[in-house]
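A short write-up of the structure that comes next.
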Amino acid sequence: MSIPRLHGSVLPVAPAAAVSELLVLLPSLGTGSELWAGAAAELRRSCPSLRILRIDLPGHGGSPAAREPFTVGDLATAALRVVDEVGGGSFHLAGVSLGAAVALELALGVPDRVRTLAMFCSGARIGEPAAWRARAEQVRGSGTASLVTGSAGRWFAPGFLETDATGAGARLLGSLLDVNDASYASCCDALAEFDRTPDLARLAVPTLVVSGEHDPVTPPESMRGLADAVPGARYAELEGASHLAVAEQPAVAAALLSELIEQPAGNGEHTTTFARGMTVRREVLGNTHVDAAIAGTTDATAAFQDFLTRYAWGDVWSRPGLSRRDRSIATLAVLVADGHLHELQMHLRAAQRNGLTRDEIAEVLMHVALYAGLPAANAAFGIAKDVFAEPAPDDTRNEGAPNG
Ligand SMILES: O=C(O)CC1=CCC(=O)O1
């Protein structure tokens, strides 16, 4: 075994940005930096202070072919060398499939340097050793061209390639032909040996685990199991995506990464309005709702979700001038008076999280009847009856909390 040489490239940062943190992105077997192109472009816009380093696997993209066999641990050592060449220090880390396995090795091996870990469509072990040995054999005999049809079926959800206006999917499949056959086969051999399952419980890095709904390689059940095994890990499933979810839904992948990277530091202070917004949104609307909103985000709605998090939650709901309880009273009154009843259920639950009792909520609706009319209040009482038939929201940890 030996440590292969890997190539990395740092994306240019905006001239005025005060660069503060490094994000390292690792690709999957058979793909190069192109895999992260869409998500990296989103991240450069939403987190301009990030320096983004993309590293290629051996014989993929700009990395030279490997001359000797290697393990996933060797790939981690090689990736760390690239990080050190661009300045070292601590870094955020995200990978897809084999790239995420390499990232997991790093998070276990140098936890003091890895600030956050995002594992997209991967595992502490991936697939079966015999299948990897067979794939290695096939590529050594027939080259990566023999993999294109099978890879298309595993990488992308049904219909993605036909409707992908960006051409990212077709480019990724095209670049599979350029991957060095022997290096691809060595990656398969490394995956056959890889199993970090027993080590997950000692992973001490804030971790995000993301699956694609249709992924046949690392299906949602296995990804959920991975998240359950890592202390404190957050899990998200991308609806309508498959194994290369980061290329299929780059804006959603970037939003998940922003949230992970910008989470409060140890001192509890938020680094950005987005991070504060995400925290307040989760505290008021609950994790179940926010996780569903993130998972249901599409490229068409990502910018709106981002706007909502920053302006509604990171700004107005975070202002100190009114308590969250008072803001809930105002919100309920306006929603009912203006007939936005489709949002009422969510805000009736939020009002309880913000410390309003059910009697107080009924009093608010009564007051609204006076000024906005009986029909509006009557409809609202109908919705409240259903919400009050549920147990009180269990995540009422911010009862009576001040803002922010
Ligand atoms: O099987 C594939 O092509 C997908 C894949 C498995 C490991 C990896 O990195 O990508």
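Bear in mind the structure is a predicted one, so any value in this text is a computation, not a measurement. Note that ligands are numbered from 1 as they come in the structure, with each ligand's atoms numbered from 1 the same way.
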Provide the number and element of each atom of ligand 1 under 4.0 Å from a heavy atom of [X].
X: R154; answer: 1 (O), 2 (C), 3 (O)
X: S28; answer: 9 (O), 10 (O)
X: R135; answer: 1 (O), 2 (C), 3 (O)
X: L98; answer: 8 (C), 9 (O)

Discussion item. Tell me whether F194 reaches ligand 1 (any heavy atom closer than 4.0 angstrom to a ligand atom).
Written reply: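 So F194 does not count as touching ligand 1.
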Worksheet entry | N or O contact, W132 vs ligand 1, cut-off under 3.5 Å |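 Not met; the criterion fails.
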Item to complete: Indicate yes or no: does an N/O atom of I126 lie under 3.5 Å from an N/O atom of ligand 1?
Response: no
Worksheet entry | Test item: side-chain donor near acceptor, T357 and D359, under 3.5 Å |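 Checked: T357/D359 side chains show no N/O donor-acceptor pair below 3.5 Å.
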Worksheet item: Does a donor on one side chain sit under 3.5 Å from an acceptor on the other, for S211 and R224?
Response: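 No, because no side-chain N or O of S211 sits under 3.5 Å from a partner of the opposite role on R224.
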Worksheet item: With sequence neighbours excluded, what pairs up with Q249 under the side chain to side chain donor-acceptor pair (under 3.5 Å) test?
Response: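 Partners of Q249 by the side chain to side chain donor-acceptor pair (under 3.5 Å) criterion come out as none, since no residue qualifies.
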Discussion item. Taking CD in E360 as the centre, count heavy atoms belonging to other residues, nucleotides or ligands within less than 6.0 Å. Is the count above 12?
Written reply: yes
Worksheet item: What protein heavy atom sits nearest atom 5 (C) of ligand 1, and how far off is it?
Response: H243 NE2, 3.4 Å
Fill in: Protein contact of atom 8 (C) of ligand 1 - nearest heavy atom, named by residue and atom, plus distance
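For atom 8 (C) of ligand 1, the nearest protein heavy atom is S97 OG, 2.7 Å.
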Practice prompt. Taking side chain to side chain contact (heavy atoms under 4.5 Å, CB included) as the test, write out the residues that go with P64, two or more places apart.
Written response: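 Checked P64 against side chain to side chain contact (heavy atoms under 4.5 Å, CB included); matches are R5.
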Worksheet item: Parallel, tilted or perpendicular: which describes the rings of W36 and F120, with under 30° parallel and over 60° perpendicular?
Response: perpendicular
Discussion item. Can you tell me how the ring of H342 sits relative to the ring of H340, calling it parallel under 30°, perpendicular over 60° and tilted otherwise?
Written reply: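 Rings of H342 and H340: perpendicular, as their planes differ by over 60°.
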